[in-house]
Undergrad: 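My questions will all concern the structure given below.
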Amino acid sequence: MTLTDPLDAKGPLGTAAPAPPAVPTASPTPVFVSLKLALLRNGLRQSSGRRAAYITSLVLATLFAVLQLLGLVLLRDTNHVDALVTLLTAVLALGWAVMPLFFPGGDETLDPTRLVMLPLRPRSLITALLVSSLIGIGPLFTLTLAAGSAVAVAHGAAAAGAAVVAVVLTVLVCVALARAVATANTRLLTSRKGRDLAVLSGLFVAIGAQFVNLGAQQLGGENGLAVLEPAAAVLRWVPPAAAVDAVQGVSDGAYGVAAAQFALTIGALAVLLWWWRDALTHLMTTPDASTLQAAAPRERRGSGAADTPDGSGPFARLLPAGRSGTVLRRTLRYAVRDPKTKSAWVTSLGVGLLLPFVTAVQDNGSVYWSCWASGMLGMLMYNQFGQDSSAFWMVAQTISSPRDAYLELRGRTLALLLVAVPYMAVAVLGSAAVLKDWSAAPEALGIALALLGSMLATGAMSSALAPYSIPQDSGYKNVAPGQAGIAWISLLAGMIVGSVLCAPVLGLTIWLHVSGAHGWLWVVFPLGAVYGAALAETGLRLAAPRVAARLPEILAAVSKG
């Protein structure tokens, strides 16, 4: 009988065991695809609201993509359609590049640090991630748009074959670009700085939408699609737009140029995959800050003259004493440090100045459009307690009377006014300077101040009567599930009532214009300032006793998220 040592895994005693046969490693791609599908399926099972939101997004995206596909097919024989599809493809690729930076929480599979402990090679991991990334609404939309662009410029059998290659390359380059950018910036996107970067998404989308609007209006002019030719001449050599433009080259018989564009796109895809692999390897083999010894706290610079967290310093001495001053400093600190609050502030400030600028560019501007600035900032007064989320219970412990509630609301209002008043002055005077209509500046500023006062008053009442929770675990949701109706009613009712309260100042301005008393229009400014201040003070005094009386209900409503 031959004995075998089970511990040493050898053959007969004194001899080495033969090497085990090599076991072929299965590709992880099917596993990753099934995991992606499981994530989507389980995410939809979490709540009916999330399922409805996903289905609605899928339907709208598909409908929009189909309409774009049909529109591009109808433009097939139109002059300069090649410039249009080249520009569309370039803009599409730009969107894929920047969206992971502004919406890092949109797809949890974008975080490769979840796969650090898996025994996978970077090459097989990249292949599996690339294939699984092709599942979703974004790739479907990209595929439809790329297909429509290729069909619009493909003429002939050779061009049809080139169109298939161009569509595949376009989708792969867009997905690989998004993955490489997300992987290279994973540490940033999962840090606080990344969350601060995400707050710019609202402003980015708003500004981008306005530029798209201006561009669409230019297309409706006399030159039509010809205005796109200068930009397309440059972008036709930028992948993946180069692949789509190559289809037009094949249709025109320019096979050499088309081959160069396809080669350029394939080279760009190879560079992106290499960059992605390098970033993935570095990410999975380099320790992050959580595994390193914490750095020693840096010494504070200066001699203590700057403001400190306890509120001391020269700036604090300019603020009101007591609870209102404390609340004012806390509100401003939230606006700087809390991602959700910062997002609302940045979006309001950006859109408030963007709309007057856009109207001026469109040659239908007016100084009165600067009142958007007061309206956008005035909406920040709505749902004041919901902005604190579950941390509001700490504030609630300090409110025991209507007087405490009044001081709390007063401090929050003063924080808004500290930013809103100079901001509105800049918006009004800037619009007057651009439009060269300085005579309308006093009345526009008076109307803006009255509108701000009415929004502050209705916002205080809305915060007391219709509070709702703002989820903190999502960069997209601003209302907790089941409270969307409360949010809409609060905002719409407040805006309607605020417009009615502002009617006396508007009526006075209109009457002075109609009666020809233009020399007295300057009085709208002081009257609007006094009237707005009176409205805001009245709203605070009416809302304070309701906040004190409904404190348990408010606390329960804002803590649901």
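Residue numbers run from 1 in the order of the sequence given.
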Undergrad: Do Ser133 and Phe32 come close enough that some side-chain heavy atom pair is under 4.5 Å?
TA: no
Undergrad: Considering non-hydrogen atoms only, spot the tightest contact between Cys174 and Pro240 and give its length.
TA: SG-CG, 4.2 Å
Undergrad: Atom CG of Leu69 and atom OG of Ser149: how far apart are they, to the nearest 0.5 Å?
TA: 9.0 Å
Undergrad: If I take atom CG from residue Leu555 and atom CE from residue Met394, how far apart are they, to the nearest 0.5 angstrom?
TA: 12.5 Å
Undergrad: Identify the heavy atoms of Ser348 and Tyr423 that sit nearest to each other, and give their distance.
TA: O-OH, 3.7 Å
Undergrad: Is there a side-chain contact between Asp388 and Val558 in this structure, where contact means two heavy atoms from C-beta onward sitting under 4.5 Å apart?
TA: no
Undergrad: Could you state the interatomic distance from OG1 (Thr170) to CG (Leu92), rounded to the nearest 0.5 Å?
TA: 8.0 Å
Undergrad: Who pairs with Leu177 by side chain to side chain contact (heavy atoms under 4.5 Å, CB included), at least two apart in sequence or on another chain?
TA: Ala97, Val181, Leu272
Undergrad: Once you round to the nearest 0.5 Å, how far does CG of Leu63 lie from CG of Leu58?
TA: 11.0 Å
Undergrad: What pair of heavy atoms forms the shortest contact from Ala160 to Ala154, and how long is it?
TA: N-CB, 4.4 Å
Undergrad: Report yes if some heavy atom in the side chain of Arg330 is under 4.5 Å from a heavy atom in the side chain of Val395; otherwise report no.
TA: yes
Undergrad: Counting only heavy atoms not in Trp237, do more than 12 sit closer than 6.0 Å to its CH2 atom?
TA: yes
Undergrad: Test Leu269 against Thr265 for side chain to side chain contact (heavy atoms under 4.5 Å, CB included), laying out the working first.
TA: CA-CA 6 Å; Leu269 178 60; Thr265 306; 5.8 Å; no
Undergrad: Would you say the side-chain atoms of Thr183 pair up with the backbone N or O of Leu280, donor to acceptor, closer than 3.5 Å?
TA: no
Undergrad: Which heavy atom of Ala166 sits nearest a heavy atom of Val247, and at what distance?
TA: CB-CG2, 3.6 Å
Undergrad: Taking all non-hydrogen atoms of both residues into account, name the closest pair between Ala90 and Leu235 and its distance.
TA: CB-CD1, 3.7 Å
Undergrad: Under the salt bridge (Lys or Arg N to Asp or Glu O under 4.0 Å) definition, can you give me all pairs with a residue in residues 236-261, not counting sequence neighbours?
TA: Arg236-Asp245
Undergrad: In Å and rounded to the nearest 0.5 Å, what is the OH to OH distance from Tyr382 to Tyr468?
TA: 10.5 Å
Undergrad: Would you check if the side chain of Ser463 reaches a backbone N or O of Asn383 as a donor-acceptor pair within less than 3.5 Å?
TA: yes
Undergrad: To the nearest 0.5 angstrom, please state how far the CG atom of Leu125 sits from the OG1 atom of Thr29.
TA: 9.5 Å
Undergrad: Residues two or more places apart in sequence or in another chain: which of them pass side-chain hydrogen bond (donor to acceptor under 3.5 Å, both in side chains) with Trp372?
TA: none
Undergrad: With a 4.5 Å limit on heavy-atom distance, are the side chains of Phe141 and Thr144 in contact?
TA: no
Undergrad: Does Gln248 reach the main-chain N or O of Val244 with its side chain, forming a donor-acceptor pair under 3.5 Å?
TA: no
Undergrad: Can you confirm whether Met455 sits close enough to Leu377 that some side-chain heavy atom of one is under 4.5 Å from a side-chain heavy atom of the other?
TA: no
Undergrad: Are the side chains of Arg412 and Leu416 in contact, using a 4.5 Å heavy-atom criterion?
TA: no
Undergrad: For Phe262 and Ala162, which heavy atoms make the closest approach, and how far apart are they?
TA: CZ-O, 3.5 Å
Undergrad: Are the side chains of Leu72 and Val151 in touch, meaning some heavy atoms are under 4.5 Å apart?
TA: no
Undergrad: Under 30°, 30 to 60°, or over 60°: which ring-plane class applies to Phe385 and Phe392, parallel, tilted or perpendicular?
TA: tilted
Undergrad: Are the side chains of Val81 and Arg76 in touch, meaning some heavy atoms are under 4.5 Å apart?
TA: no
